[in-house]
2 protein chains.
Amino acid sequence: MPAPARKPPMSKESLLPLLARHVLAHGFGQASLRPLAKAAGTSDRMLLYHFGSKEALIADLLAYLAALYAAGLETALGDDRPSTRADVLARIIDQNRDPAMQPFMALWWEIVAGAARGTPGFAAAAQAMMGELLGWLEGQMPEGDADPAGGARYLLTVIEGAMMLSAIGHADTAREGLLAGGLAPS
Amino acid sequence: MPAPARKPPMSKESLLPLLARHVLAHGFGQASLRPLAKAAGTSDRMLLYHFGSKEALIADLLAYLAALYAAGLETALGDDRPSTRADVLARIIDQNRDPAMQPFMALWWEIVAGAARGTPGFAAAAQAMMGELLGWLEGQMPEGDADPAGGARYLLTVIEGAMMLSAIGHADTAREGLLAGGLAPS
DNA sequence: GCGTATATGTAGCGACTGCTACACGCGCTT
DNA sequence: AAGCGCGTGTAGCAGTCGCTACATATACGC
C-alpha cells in the first residue's frame with residue numbers, strides 16, 4: 001500500500017519560489033494574499049503565519065528576487081571577455097531582449113516605480129540588483145580599457161536607458177541612439 | 001444679499017487638473033475612485049458619470065498628463081541653444097533634478113511599469129511623452145552637430161538611464177557614468 | 001404651466017482587502 | 001499517559017473596491 005502522500009514541510013524558503021513565479025507573471029500590483037496563496041498551494045492564513053505580514057512578505061520576496069537576479073547574471077556570464085565596450089553593451093542588450101527576460105523586466109519597472117515613490121524595501125532591492133549588474137559589467141570590461149570602473153557605469157546608464165525605451169515601445173529610438181553614440185558592436 | 005454661491009459647472013476638463021494633482025501626489029497605485037473624487041471635490045458617482053468608467057478616467061488622465069508634460073517642456077525651453085551635446089544633457093538633467101519635478105518623475109516610473117506590463121493606455125502615454133522629449137531634444141542639438149537626429153536619440157537614452165539610476169538612489173553611479181562617457185558639460 | 005433631458009445626491013450591491021479568533025490534530029517531552 | 005506547542009483549516013471581521021438603482025433638483029423647449 002502506497003505511502004499516504006507525505007506533505008513536505010512548508011517554510012519561507014519553499015514558498016518564495018512559488019510566490020516569485022506569481023509576481024513575475026502578474027506583477028506586484030495584483031499581488032494580494034489570496035491569489036498569492038493560491039499560487040503557492042496554500043492559504044492567506046498560512047502566508048501571514050510564515051511571513052508575519054504582507055509587508056514583510058513583500059520585503060522577503062524582493063530580497064529573493066534580487067538574489068535570483070544575481071544568480072541569473074552568474075550563469076549568463078560567458079567565459080570570453082568582449083573586446084570593446086560596444087560588445088559588452090550588445091551582449092547584455094541581447095540577453096535582455098530574450099523573451100524569457102520579459103516577465104523580469106516588467107517586474108523590474110514596478111520595482112523602480114516603488115523605489116521612486118519610497119515604498120519600503122523597493123529601493124533597497126533595486127539598488128541591490130543594479131549593484132550586481134554594475135559589478136558584472138566591471139568584470140566584463142575589455143582588457144585594455146582605460147577606465148573600467150567609469151566605463152561600466154557609463155554602460156549601465158546607457159543600458160538602462162535603452163531598456164526603458166524598449167519597455168515603452170521605443171526600441172527603435174534606443175537602437176538608433178546607441179548607433180549615434182558610437183556604441184554599435186564591431 | 002449675496003449671490004447664493006453659484007456652483008460652476010463640472011466637466012472632464014475642469015476635473016482633470018484636480019485629478020492630476022492627486023495622482024501626482026499619491027500615484028496611480030492609490031488612485032481609487034473615492035479618494036480621487038474627494039480630491040476633486042465631488043463623489044465617485046460623478047466621476048463615473050463624467051468619464052464612464054475608471055479605465056476611461058485613467059486613459060483621459062494619462063492623455064492630460066502627457067499634454068501637461070508637453071506644455072511644461074515648452075516653457076522650460078531656453079532661448080539660447082547649447083553649444084555641445086554635453087550641455088544639452090546637463091540642462092535637462094538639471095531640470096529633472098528640480099524638486100518640483102519629483103512627483104512627475106515618480107509618476108513617470110509608474111507609467112513605464114504600466115506600459116511594460118501592457119496596461120491599456122500606459123504605453124501610448126509613455127510614447128507620447130518620450131516623443132515630445134525627443135522632439136525637444138532635436139531642437140536643442142548644437143548648431144553644427146553632425147547628426148542631430150541620432151544625437152538626440154543618444155542623449156534621450158542616456159538621460160533616461162541616468163534618471164532611472166537617480167530614482168533608485170544611484171545618482172552617483174549615473175554621474176560617474178556620464179563623466180566616463182565623455183558627457184560632462186564644458 | 002408642463003414635460004423632458006441633464007446633472008447630482010443617497011444608498012447600497014457583491015466582491016475583494018489584510019488580518020484575526022478559534023478549534024483541532026499531531027509530535028514531542030516528561 | 002498527560003500536557004504542551006507547533007502547524008494548519010475554517011470562519012469571519014471591518015474596511016475598501018468599482019459600479020449601479022433610485023430619487024430628485026434644476027433648466028430649458030413648447
Side-chain angles (χ1 to χ4, degrees), chain A residues 1-20 22-23 25-62 64 110 113-114 117-122, chain B residues 1-20 22-23 25-62 64 110 113-114 117-122:
Chain A
M1 136 180 179
R6 284 236 153 272
K7 64 173 67 174
M10 191 185 307
S11 66
K12 286 189 183 184
E13 288 68 33
S14 68
L15 288 170
L16 283 173
L18 302 167
L19 299 177
H22 184 264
V23 295
H26 303 97
F28 277 108
Q30 310 303 327
S32 41
L33 288 179
R34 283 170 181 81
L36 277 173
K38 191 169 180 181
T42 179
S43 66
D44 58 331
R45 165 71 179 74
M46 290 315 296
L47 290 185
L48 290 169
Y49 176 76
H50 283 294
F51 292 93
S53 72
K54 185 186 178 182
E55 187 176 331
L57 184 154
I58 297 293
D60 284 355
L61 191 46
L62 283 168
Y64 176 78
E110 274 190 82
R117 186 137 327 259
T119 314
F122 280 67
Chain B
M1 119 183 188
R6 283 235 152 272
K7 63 173 67 173
M10 191 185 306
S11 67
K12 285 188 185 185
E13 289 67 34
S14 67
L15 288 170
L16 282 173
L18 302 167
L19 299 176
H22 183 263
V23 294
H26 302 97
F28 277 108
Q30 310 302 327
S32 41
L33 288 178
R34 284 169 179 83
L36 277 173
K38 191 169 181 182
T42 179
S43 66
D44 57 333
R45 167 71 180 75
M46 291 315 296
L47 288 185
L48 289 169
Y49 176 76
H50 284 294
F51 292 93
S53 70
K54 184 187 178 180
E55 187 176 332
L57 184 153
I58 297 293
D60 285 355
L61 190 47
L62 283 168
Y64 176 77
E110 272 190 83
R117 191 148 307 269
T119 313
F122 280 68

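In what follows, chains carry the letters A, B, and so on, assigned in the order in which the sequence lines appear, proteins first and then strands, with residues in each chain numbered from 1. If you're wondering where the values come from, they're calculated on a predicted model, not measured in any experiment.
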Tell me the interatomic distance from [X], atom [atom1], to [N], atom [atom2], rounded to whole angstroms.
X: A:M46; N: C:dG18; atom1: CE; atom2: P; answer: 17 Å
X: A:F51; N: C:dG18; atom1: CZ; atom2: P; answer: 14 Å
X: B:Y49; N: C:dA7; atom1: OH; atom2: C1'; answer: 5 Å
X: A:L47; N: C:dC19; atom1: CG; atom2: P; answer: 11 Å
X: A:R34; N: D:dC13; atom1: CZ; atom2: P; answer: 13 Å
X: B:L36; N: D:dC19; atom1: CG; atom2: C1'; answer: 15 Å
X: B:K38; N: C:dG9; atom1: NZ; atom2: P; answer: 15 Å
X: B:E55; N: D:dC17; atom1: CD; atom2: P; answer: 18 Å

Heavy-atom check, side chain of [X] versus side chain of [Y], under 4.5 Å:
X: B:L16; Y: B:F51; value: yes
X: B:Y64; Y: B:L19; value: no
X: A:V23; Y: A:L36; value: yes

Under 3.5 Å donor-acceptor, B:K54 side chain and B:A31 backbone: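 Flag set: sc B:K54 to bb B:A31 pair under 3.5 Å.
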So, A:E110 side chain and A:F28 main chain: donor-acceptor pair closer than 3.5 Å or not?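 A pair under 3.5 Å: yes.
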From the set C:dG18, C:dG9, D:dC17, return the single nucleotide nearest to any side-chain atom of B:R45.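 For the B:R45 side chain, the nearest candidate turns out to be C:dG9.
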With respect to the phosphate group of D:dG7, does any side-chain polar atom (N or O) of A:H50 fall under 4.0 Å of OP1 or OP2?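 For A:H50, the contact criterion (side-chain N or O under 4.0 Å from OP1 or OP2 of D:dG7) is not met.
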Indicate, with a heavy-atom threshold strictly under 4.0 Å, whether A:T42 touches base, sugar-phosphate, or nothing.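 It contacts nothing in the nucleic acid.
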A:L48 near the nucleic acid: base, sugar-phosphate alone, or nothing, with a heavy-atom cut-off under 4.0 Å?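 Base, at least one base heavy atom under 4.0 Å.
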When you measure only distances, ignoring hydrogens and angles, does the side chain of A:D44 come within 3.5 Å of the base of C:dC19 through a donor and an acceptor?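 Such a pair exists between side chain and base.
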Using heavy-atom distances to pick each residue's nearest nucleotide on DNA chain C, tell me which of A:Q30 and A:G52 is more 5'.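 Of the two residues, A:Q30 wins.
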